[in-house]
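Numbers restart at 1 for each chain; the letters A, B, ... are given by sequence-line order, proteins then strands. Owing to the predicted nature of the structure, the values given are computational and were not obtained by experimental measurement.
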Amino acid sequence: MLDIKRIRENPESFDAALKRRGMAPQSVVVLALDARHRGWVSALQRHQARRNEASKAIGAAKARGEDAGPLMNEVAALKDSIREAEEEGRALAKEIEDLLAGLPNAPAEDVPDGPDAAGNVELRRWGSPPALAFKPRQHFDLGEALGLMDFEIAAKLSGARFVVLKGALSRLERALAAFMLDLHTGTFGYTEVSPPYLVRSETAFGTGNLPKFAGDLFRTTDFFWLIPTAEMPLTNLVREQILDAAMLPLRFTAHTPCFRSEAGAAGKDTRGMIRQHQFTKVELVSVTTPETSDAELECMTGAAEEVLRRLGLPYRVVALCTGDMGFAARKTYDIEVWLPGQAAFREISSCSNCGDFQARRMAARYRDPASKAARFVHTLNGSGLAVGRTLIAVMENYQQADGSIVVPAALRPYLGGLEVIAAAR
RNA sequence: GGAGAGAUGGCCGAGUGGUCGAAGGCGGCGGUUUGCUAAACCGUUAGGCGGGGUAAACUCGCCUCGAGGGUUCGAAUCCCUCUCUCUCCGCCA
C-alpha cells in the first residue's frame with residue numbers, strides 16, 4: 001500500500017513510478033478523491049467540535065439546575081450534518097483505500113526499466129554447466145526411468161500439475177529441505193518457524209496477494225486461503241505490532257508446502273515438476289529498519305546463493321526490471337539455476353525488498369530510538385530455495401549416462417551416506 | 001458438535017451515562033541518590049488524521065476502549081448485529 005501523504009506531497013513521482021510499471025498515471029484521480037475526502041472530514045470535525053462543546057455546556061448547566069433547552073435543540077440539529085459528513089467521508093475513504101490497495105509498490109531507483117523479462121539485467125554467474133559426454137535428459141525422463149517420479153498416478157489422484165515422488169527421490173526432497181534449513185539457521189541467523197498453511201484474508205492482504213490476486217490462490221470452503229508461499233505467514237508474524245528496534249533485524253525461515261492455482265499459466269511448463277499446484281519451499285523473511293533493508297536484500301540473496309554453491313549447481317543472478325517485478329516488491333533479484341536438460345537458466349529463487357509496502361498493509365511498526373516515533377518496518381522475502389526445483393536441478397546437473405544421479409557431497413549426510421540414486425528394481 | 005466467558009493503551013489490568021484517552025501495575029524514557037551496577041525515590045510515557053508553526057520544538061481540533069449500527073444533548077459504560085479470542089464437555093491426529 002502506498003502512502004497517501006507522499007502522493008499528496010509528490011504526485012509527479014507517484015505517476016512516474018506507475019509509468020515505470022507500465023501503468024497510466026493516477027495522481028489526478030487520487031488527489032481529487034483525497035481533496036473531497038478531506039473537505040468532508042474537516043466539515044465533520046467542525047460539527048463535532050461544536051457538539052462536544054455544547055454537550056459539555058449542557059452538562060454544566062444541568063449541574064447548576066439551569067435550563068439547557070436551547071443548547072439541546074442546537075445539538076440535535078447538528079446530528080444530520082454530522083451523519084451526512086460521516087457517510088460521505090467514509091465512502092470516499094473506502095474508495096481511496098480500494099484504489100490504493102490495488103496499486104503496486106514503486107520500484108527502487110536502481111531497478112532497471114523494461115517491459116517484461118527481456119528487460120532484466122544479468123548481474124553475475126557462478127559455476128559452469130557440467131561437461132556431459134551424452135545428451136542430457138530432462139528431470140521427468142530421468143525420474144520416470146528411475147521409477148521414482150510418477151505423473152500418471154498423480155494425475156489420477158489429483159489431476160494435472162501434481163507429482164508423486166518415491167523412494168530415494170522423496171528422501172532427496174526431504175534432505176534438501178533439511179540441508180537448507182540447517183544452513184540458514186546455522187550460518188545466516190534465521191530462526192526456523194513452523195507456521196500455519198491456512199490463513200485468513202487479512203493475512204493475505206498484508207503481503208499484497210489480496211485483493212488483486214485471489215485467482216492465483218486456493219481457498220477452502222470456510223474461507224481460509226492456502227498459502228502460496230511461507231512469505232505470507234512469516235511476514236505477517238509482525239503484523240499489528242510495534243517492535244523494539246533492538247530486536248531488528250528479525251530473520252525467519254520455514255519449510256512449507258506452497259499451493260498455487262497457476263490460473264494464468266495455462267500451457268507453460270506443462271510437463272514435469274517445474275510448475276505445480278503444490279510444491280515445497282524453504283522461505284526466508286527479514287524484517288528490518290528502512291536504513292538497513294537494502295543491505296539485508298544483498299545478505300538474503302547471498303544466503304540463497306550459498307545453497308546453490310554448496311550443492312555445486314551453476315546459477316546466475318538477475319536484477320528484475322520494472323515490468324517483471326512482483327506487486328509488492330520495490331527491488332527483486334532472481335536466482336536462476338542451470339538446467340542441462342532444458343539447456344536454460346530457470347528461476348529457483350526470487351529475493352525482494354518490499355520496503356514499507358507490506359508493513360503499511362499489516363500495521364507493522366517499530367519504535368525508532370532517535371525520534372521515538374513508531375515507523376513502518378521494511379520487509380523482505382526470498383526463496384532459499386524452492387525445493388522442487390532444486391531437486392530438478394540436482395537431477396539434471398548430476399545425471400550420468402546410465403540415468404543414475406550422483407548425490408552432491410553436501411547432501412550425503414542427509415541421505416544416510418547415499419552416493420548415487422539408481423533405478424529402483 | 002454442546003455449554004459458557006471475554007475483547008480497554010507497548011504489556012497486564014480497573015472502570016456501568018458527563019470534567020475518562022481512560023486508575024493502578026509492568027515495561028520504556030528522563031532525573032535524584034550511588035565509587036560502578038543493582039535497588040529505592042521523583043517525573044514522564046498511546047496511536048491516527050487534520051490545522052497553525054520552518055521539514056524542529058511547540059500548539060489547536062477531531063477520531064480511536066474488537067467492528068458496524070442504535071438509544072441519548074452526551075456512550076468504554078445501555079441495546080442490536082457481526083468478527084475474533086478463551087474455558088469446559090464431546091470427538092479426534
Side-chain angles (χ1 to χ4, degrees), chain A residues 1-10 13 30-98 100-101 194 196-206 210 220-225 233 236-248 250 257 287 289-290 356 359-377:
Chain A
M1 184 90 76
L2 298 167
D3 185 357
I4 184 76
K5 270 188 282 190
R6 275 188 235 162
I7 297 174
R8 214 180 273 148
E9 285 160 11
N10 199 340
S13 81
V30 172
L31 291 183
L33 285 170
D34 184 49
R36 285 171 60 202
H37 175 244
R38 293 168 78 184
W40 281 110
V41 166
S42 100
L44 173 65
Q45 292 191 358
R46 241 184 3 258
H47 296 139
Q48 284 170 327
R50 177 57 198 152
R51 181 199 61 195
N52 293 346
E53 189 184 30
S55 286
K56 273 188 186 174
I58 290 167
K62 286 196 162 180
R64 289 193 301 268
E66 296 168 8
D67 173 29
L71 277 171
M72 286 168 73
N73 289 338
E74 185 195 340
V75 175
L78 274 173
K79 278 186 138 180
D80 285 340
S81 336
I82 289 180
R83 187 191 307 268
E84 185 194 14
E86 268 176 354
E87 282 169 3
E88 296 286 340
R90 192 178 309 136
L92 284 161
K94 179 162 186 339
E95 210 173 321
I96 294 167
E97 160 102 12
D98 288 350
L100 292 183
S194 302
Y197 306 154
L198 298 174
V199 298
R200 293 200 183 117
S201 295
E202 291 83 348
T203 309
F205 178 87
L210 288 183
T220 69
T221 50
D222 37 10
F223 294 95
F224 285 110
W225 300 92
N236 277 275
L237 247 26
V238 296
R239 76 174 2 255
E240 292 162 50
Q241 289 175 67
I242 299 177
L243 303 164
D244 185 344
M247 293 165 64
L248 303 177
L250 288 169
V287 178
T289 64
D356 63 6
R360 205 177 292 285
R361 290 172 164 248
M362 298 188 297
R365 293 170 296 174
Y366 75 103
R367 183 75 60 186
D368 177 48
S371 64
K372 292 180 181 162
R375 302 167 69 197
F376 288 110
V377 297

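- Remark: B:C49 base-pairs with B:G61. Criterion, Watson-Crick or G-U wobble with two distances under 3.5 Å.
- Remark: B:A75 base-pairs with no nucleotide; criterion is Watson-Crick or G-U wobble with both hydrogen-bond distances under 3.5 Å.
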Listed pairs, N/O of protein and of nucleotides 28-31 of chain B, under 3.5 Å:
{"residue": "B:C29", "atom": "O2'", "partner": "A:K372", "partner atom": "NZ", "Å": "3.3"}

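- Applying the salt bridge (Lys or Arg N to Asp or Glu O under 4.0 Å) criterion to A:D222, with sequence neighbours excluded, gives no partner residue.
- In A:R36, the CZ atom is not crowded: 12 or fewer heavy atoms of neighbouring residues, nucleotides or ligands sit closer than 6.0 Å.
- Side-chain proximity of A:A49 to the nucleotides B:U85, B:G61, B:G47 is greatest for B:G61.
- As the counterpart of B:U37, no nucleotide is assigned, since no Watson-Crick or G-U wobble pattern has both distances under 3.5 Å.
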Worksheet item: In the 5'-to-3' direction, what one-character label does each nucleotide of nucleotides 63-71 of chain B receive under the scheme B = base within less than 4.0 Å of a protein heavy atom, S = sugar-phosphate only, - = no such atom?
Response: S-----SS-
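- Applying the Watson-Crick and G-U wobble criteria (two distances, each under 3.5 Å), B:A22 pairs with nothing in any strand.
- Closest approach of A:S201 to A:W225, counting heavy atoms only: OG-NE1, 2.9 Å.
- Look at B:U16: it lacks any Watson-Crick or wobble partner with both distances under 3.5 angstrom.
- Proximity of a side-chain donor or acceptor of A:N236 to a complementary backbone N or O of A:T203 within less than 3.5 Å is detected.
- Annotation: B:G24 and B:C42 have their P atoms spaced 12 Å apart (nearest Å).
- Evaluation of the salt bridge (Lys or Arg N to Asp or Glu O under 4.0 Å) rule for A:R51 yields no partner, not counting sequence neighbours.
- Counting to the nearest Å, the P atom of B:G50 and the CH2 atom of A:W40 are 19 Å from each other.
- Between the CD atom of A:Q241 and the C1' atom of B:G10 there is a distance of 10 Å, given to the nearest Å.
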Protein-nucleic acid N or O pairs under 3.5 Å, nucleotides 17-19 of chain B:
{"residue": "B:G18", "atom": "N2", "partner": "A:S55", "partner atom": "O", "Å": "3.1"}

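- Residue A:L100 is tested with A:E95, A:M1, A:R360 for a side-chain contact (heavy atoms from CB on, under 4.5 Å); the sole match is A:M1.
- Distance check on atom C1': B:U33 versus B:C41 gives 8 Å, rounded to whole Å.
- The distance between atom CD of A:E97 and atom C1' of B:G48, rounded to the nearest whole Å, is 14 Å.
- Spacing between B:A76 and B:A7 at atom P, rounded to whole Å, works out to 15 Å.
- When each of A:V75 and A:E240 is assigned the nucleotide of RNA chain B with its nearest heavy atom, A:E240 is the one assigned upstream, toward the 5' end.
- Atom name P, nucleotides B:C92 and B:C84: the rounded distance is 26 Å, in whole Å.
- The distance from the CZ atom of A:R239 to the CD atom of A:Q241 is 10.0 Å, given to the nearest 0.5 Å.
- Closest non-hydrogen pair, A:P233 versus A:P196, comes out as CG-O, 3.7 Å.
- Between the NZ atom in A:K94 and the CG atom in A:D98 there is a gap of 3.5 Å [rounded to 0.5 Å].
- Across all non-hydrogen atoms, the minimal contact from A:V238 to A:M362 is CG2-CE, 4.1 Å.
- Counting any heavy atom pair closer than 4.0 Å across all strands shown, A:R38 reaches sugar-phosphate atoms only and no base atom.
- Residue A:S42 is the one, among A:M72 and A:S42, whose nearest nucleotide of RNA chain B lies closer to the 5' end (criterion: closest heavy atom).
- B:A56: no Watson-Crick or G-U partner with both key distances under 3.5 Å is found in any strand.
- Of the P atoms belonging to B:G13 and B:U72, the separation is 35 Å, rounded to the nearest Å.
- Between A:I4 atom CD1 and B:G48 atom P the separation is 17 Å, expressed in whole Å.
- For the P atom pair drawn from B:A23 and B:G47, the interatomic distance equals 15 Å after rounding to whole Å.
- Rounded to whole Å, atom P of B:C60 lies 15 Å from atom CD of A:E53.
- If you take atom C1' in B:U19 and the same atom in B:G66, they sit 27 Å apart, rounded to whole Å.
- Evaluation of the salt bridge (Lys or Arg N to Asp or Glu O under 4.0 Å) rule for A:E74 yields A:R50 as partners, not counting sequence neighbours.
- The separation of B:U16 from B:C78, taken at their P atoms, amounts to 9 Å, rounded to a whole angstrom.
- Residue A:F376 comes nearest to A:P290 through the heavy atom pair O-CG, 4.0 Å, listed as atom of the first residue, atom of the second, then distance.
- When rounded to the nearest whole Å, the span between NZ of A:K5 and C1' of B:C49 equals 8 Å.
- Residues A:R361 and A:F205 share a closest heavy-atom pair of NH1-O, 2.9 Å.
- Rounded to a whole Å, the CG atom of A:L44 is 11 Å from the C1' atom of B:G50.
- The pairing partner recorded for B:G43 is B:C29, the criterion being a Watson-Crick or G-U wobble arrangement whose two distances lie under 3.5 angstrom.
- For A:Y197 and B:A93, the OH to P distance is 20 Å, given to the nearest whole Å.
- Between A:R8 and B:C49 there is no side-chain N or O to OP1 or OP2 distance below 4.0 Å.
- Counting all heavy atoms, side chain and backbone alike, A:H37 lies closest to A:G89 at CD2-O, 3.2 Å.
- Taking a pair to require two hydrogen-bonding distances under 3.5 Å in either a Watson-Crick or a G-U wobble arrangement, B:C84 pairs with B:G6.
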